[in-house]
Amino acid sequence: MKKLKERWNVTSNWQLTIIFIVFAITGFSSLQLAKPFLSLIGIPETFQPHWLYRILRLVLIFPIYQVLLVFIGFVFGQFNFFWEFEKKMLNRMKLGFIGKYVDSKIKKKP
């Protein structure tokens with residue numbers, strides 16, 4: 001746990017516990033939201049071939065997870081941690097421009 005706290009720059013066990021709770025809630029929620037979202041866009045669970053339905057659902061889970069991670073992190077008071085975490089992930093996927101764009105909008109002064 002000590003290495004993880006150092007790597008994530010977390011100072012307390014309580015904050016680390018909250019971070020783990022956010023990851024758990026986000027993972028479960030993204031799995032639960034993918035199925036109704038596919039139905040909403042016209043792809044029912046009975047879609048054939050079924051293997052394609054599973055692939056579509058897995059592909060859909062990823063962006064849902066990313067959005068929920070930042071949102072649920074915000075709800076739990078850990079927005080800064082999860083936003084930095086998200087920007088690192090976007091940079092690794094060569095999508096860092098998204099993080100830079102959102103940062104420019106967040107930090108824009110009126």
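What you see is a predicted model, and the numbers here were worked out from it, not measured in a lab.
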When rounded to the nearest 0.5 angstrom, what distance separates CZ in F20 from CE in M1? 4.5 Å
Nearest heavy atoms of S29 and L68, plus distance in Å: CB-CD1, 3.8 Å
NZ-CG distance between K35 and L40, expressed to the nearest 0.5 angstrom: 15.0 Å
Trace of the side-chain contact (heavy atoms from CB on, under 4.5 Å) decision for Y53 with T46: CA-CA 8 Å; Y53 173 82; T46 58; over 6 Å; no
Determine whether I18 and F28 fall in the same hydrophobic cluster, where Ile, Leu, Val, Met, Phe, Trp and Tyr are linked whenever their side-chain heavy atoms lie under 4.5 Å apart. no
Determine, using the 4.5 Å side-chain heavy-atom cutoff (strictly less than), whether M89 and L4 are members of one ILVMFWY cluster. yes
Applying a strict under-4.5 Å side-chain criterion to I, L, V, M, F, W and Y, I'd like to know whether L38 and I55 cluster together. yes
Hey, mind stepping through V22 and F81 against side-chain contact (heavy atoms from CB on, under 4.5 Å) and telling me if it holds? CA-CA 11 Å; V22 169; F81 172 83; over 6 Å; no
What's the separation between atom CG in N80 and atom CG in N9, rounded to the nearest 0.5 Å? 11.5 Å
Any side-chain heavy atom of F23 within less than 4.5 Å of one from L69? yes
May I have the step-by-step check of side-chain contact (heavy atoms from CB on, under 4.5 Å) for K5 and N13, ending in yes or no? CA-CA 8 Å; K5 284 170 58 175; N13 288 336; 3.0 Å; yes
CD1 of I21 to CG of L16, rounded to nearest 0.5 Å, is 10.0 Å
Other residues, nucleotides and ligands only: do more than 12 of their heavy atoms fall within 6.0 Å of CZ on F74? no
Applying the 4.5 Å side-chain criterion to the ILVMFWY set and letting contacts propagate, would I64 and L58 be lumped into a single cluster? no
Under the rule for side-chain hydrogen bond (donor to acceptor under 3.5 Å, both in side chains), what residues qualify as partners of E84, not counting sequence neighbours? K87
Would one find more than 12 heavy atoms of other residues, nucleotides or ligands at under 6.0 Å from atom CZ of F71? no
Kindly give the heavy-atom pair with the smallest separation between Y65 and S30, and that separation in Å. CD1-OG, 3.7 Å
Closest approach of P44 and S39, non-hydrogen atoms and distance? CA-OG, 4.4 Å
In terms of hydrophobic clusters joined by side-chain contacts under 4.5 Å, are V67 and Y101 together? no
Do T26 and F82 have side chains that approach each other closer than 4.5 Å (heavy atoms only, starting at C-beta)? no
Indicate yes or no: at least one non-hydrogen side-chain atom of W83 is less than 4.5 angstrom from one of V102. yes
Roughly how far, to the nearest 0.5 Å, is the CD atom of E45 from the CZ atom of R54? 6.0 Å
Non-hydrogen atoms of I61 and A34 that approach each other most closely: CG1-CB, 3.6 Å
Distance (rounded to the nearest 0.5 Å) between L31 CG and L60 CG: 11.0 Å
List in chain and number order the residues that pass side-chain hydrogen bond (donor to acceptor under 3.5 Å, both in side chains) with Q66, two or more places apart in sequence or in another chain; answer none if no residue qualifies. none
Could you walk me through whether L95 and F97 pass side-chain contact (heavy atoms from CB on, under 4.5 Å), step by step? CA-CA 5 Å; L95 298 171; F97 64 91; 3.8 Å; yes
Give me the atom names and distance for the closest heavy-atom approach of S12 to V10. O-CG1, 3.4 Å
